[in-house]
There are 2 protein chains.
Amino acid sequence: MSPEPRNVQTDVDRILEAIVYLYTESRRVTKELARQHGLTGPQVTALKILEGFGTLSLSELGARMSAKSSTVTGLVDRMERDGLVRRRRSREDRRVIRLEPTSAGQAVAAAIPVTAMEIFGEALRSLSGEDRAELTRILGKLAERVREQIESREGLGG
Amino acid sequence: MSPEPRNVQTDVDRILEAIVYLYTESRRVTKELARQHGLTGPQVTALKILEGFGTLSLSELGARMSAKSSTVTGLVDRMERDGLVRRRRSREDRRVIRLEPTSAGQAVAAAIPVTAMEIFGEALRSLSGEDRAELTRILGKLAERVREQIESREGLGG
DNA sequence: GGCCAAAGCTTCGCGTGCTAACTATCCGCT
DNA sequence: AGCGGATAGTTAGCACGCGAAGCTTTGGCC
């Protein structure tokens, strides 16, 4: 009847464990799907983004993938090596490198359905509509609270 | 009022987004806290787990961290190099390596507050008890479904 | 006893992902 | 014109994280 700290902690542990599991597993599955086409998860993500935009600068791509510029450089190096994309220096701003998929890259992107999180989708669809709605609501609220917590401690890097 | 596929997709997207956000953020926070003590995120995670159990085999640690054995080997290599843990071959089963924190490792673990759990914990505690219980229940169910999906497709690797 | 599959770890090679330091370019300001 | 800060990418070094291949040990089974 009174709030028991132990139960709260157990819930916290279970929730974190579930989140880590779900995230890790989703990445693993994406990677596996990509592997069947001879590439890696991030490469598929990049090609899919490029498919939607036609051409992007490296920093624009990085922003959309939540990756730092040095990470993007390496990723693009390997994709260029494998003939999936081409680098082309911009005329207007010579600092900028524009990225465009090769025909091979476009073909691969087209061949891979948006499946990114297919297994997640199926698992989520297998929940009842009520559960799914509840999960959406609570998880959204939780993310918001975490965001608040983090903002209120931005001096974290002390 | 009837179940609309579009809503399902929206829910799926929101849930995935929230999970990715929560996971990424928890890692970032852990990493930041770890950095202040001169170590890395996974190292702190491992020390905290060891702190709770006293001693674990490499595979037990790997299971709790959702990491493969080859990953754990490397992690433990670096931690041992830095004097945080010790490897000790088990007597009962000579295949097993038991891991124990050094006094330095214990000190670091003790010096670091409950890490990312803390921010999550506060956010979770700020939810109502009902929401928290619901979240635990649904997330657990979801993880189970994902597990089933994955098992039923173990031929995924074509 | 001898064989053989499974379990626990390690090694190797690769692809991320980050920070720090560096180059080239651009742009605002004087 | 030219200085100086901001921006775009690259490079180097490190730590994960994984799969594949290999080693030793264990345990079941004939």
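In what follows, chains carry the letters A, B, and so on, assigned in the order in which the sequence lines appear, proteins first and then strands, with residues in each chain numbered from 1. Computed from heavy atoms alone, side chains included, the values below leave out hydrogens, waters and symmetry copies.
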Between CG of B/Leu75 and P of C/dC9 the distance, given in whole Å, is 14 Å
Could you please spell out the steps behind the salt bridge (charged side-chain N to carboxylate O under 4.0 Å, His left out) verdict for B/Arg35 and B/Glu32? CA-CA 5 Å; B/Arg35 200 182 62 76; B/Glu32 183 52 40; 3.2 Å; yes
Describe the nucleic acid contact of A/Arg89 in one word from base, sugar-phosphate, nothing, applying a heavy-atom distance below 4.0 Å. nothing
Taking the minimum atom-to-atom distance to the side chain of B/Asp93, which one of D/dT25, C/dT25, D/dG17 wins? D/dT25
Charged N to carboxylate O under 4.0 angstrom, A/Arg137 versus A/Glu134? yes
Value in whole Å for how far the P atom of D/dT7 lies from CG of A/Leu61: 19 Å
Using a cut-off of strictly less than 4.0 Å, decide whether A/Arg78 has a side-chain nitrogen or oxygen near OP1 or OP2 of C/dC14. no
Starting at the 5' end of DNA chain C, which residue's closest nucleotide do you reach first, B/Val76 or A/Ala67? B/Val76
Whole-Å distance between D/dG17 P and B/Lys31 NZ? 11 Å
A/Thr71 side chain near C/dG17 phosphate (N/O to OP1/OP2, under 4.0 Å): no
Counting any heavy atom closer than 4.0 Å, what does A/Arg98 reach on the DNA or RNA strands: base, sugar-phosphate only, or nothing? nothing
Does any donor-acceptor pair link the side chain of A/Arg95 with the base of D/dT7 at a separation under 3.5 Å? yes
Could B/Arg87 and B/Glu80 be called an ion pair, given the rule that one side-chain N must be under 4.0 Å from one carboxylate O? yes
How would you label the contact of B/Ser59 with the nucleic acid (heavy atoms, under 4.0 Å): base, sugar-phosphate, or nothing? sugar-phosphate
Whole-Å distance between C/dC26 P and A/Ile97 CD1? 12 Å
Rounded to whole Å, please give me the gap between CZ in A/Arg81 and P in C/dT16. 9 Å
Rounded to whole angstroms, how far apart are CG on A/Asp82 and P on C/dT16? 9 Å
Ignoring hydrogens and angles, are the base of C/dG15 and the side chain of A/Thr40 linked by a donor-acceptor pair under 3.5 Å? no
Is any NZ, NE, NH1 or NH2 atom of the basic residue among B/Arg98 and B/Glu60 found under 4.0 Å from an Asp or Glu carboxylate oxygen of the other? yes
Strictly by modelled atom types, are B/Thr102 and B/Arg86 linked by a side-chain donor-acceptor pair under 3.5 Å? no
Atom-pair distance (CZ on A/Arg94; P on D/dG9), nearest Å: 13 Å
Mind checking if A/Arg87 touches a base, just sugar-phosphate, or nothing, with heavy atoms under 4.0 Å? sugar-phosphate
Can you tell me whether the side chain of A/Ser70 and the base of C/dT19 have a donor-acceptor pair closer than 3.5 Å? yes
Take the protein atom CG of B/Asp77 and the nucleotide atom P of C/dT10, then report the distance between them rounded to whole Å. 7 Å
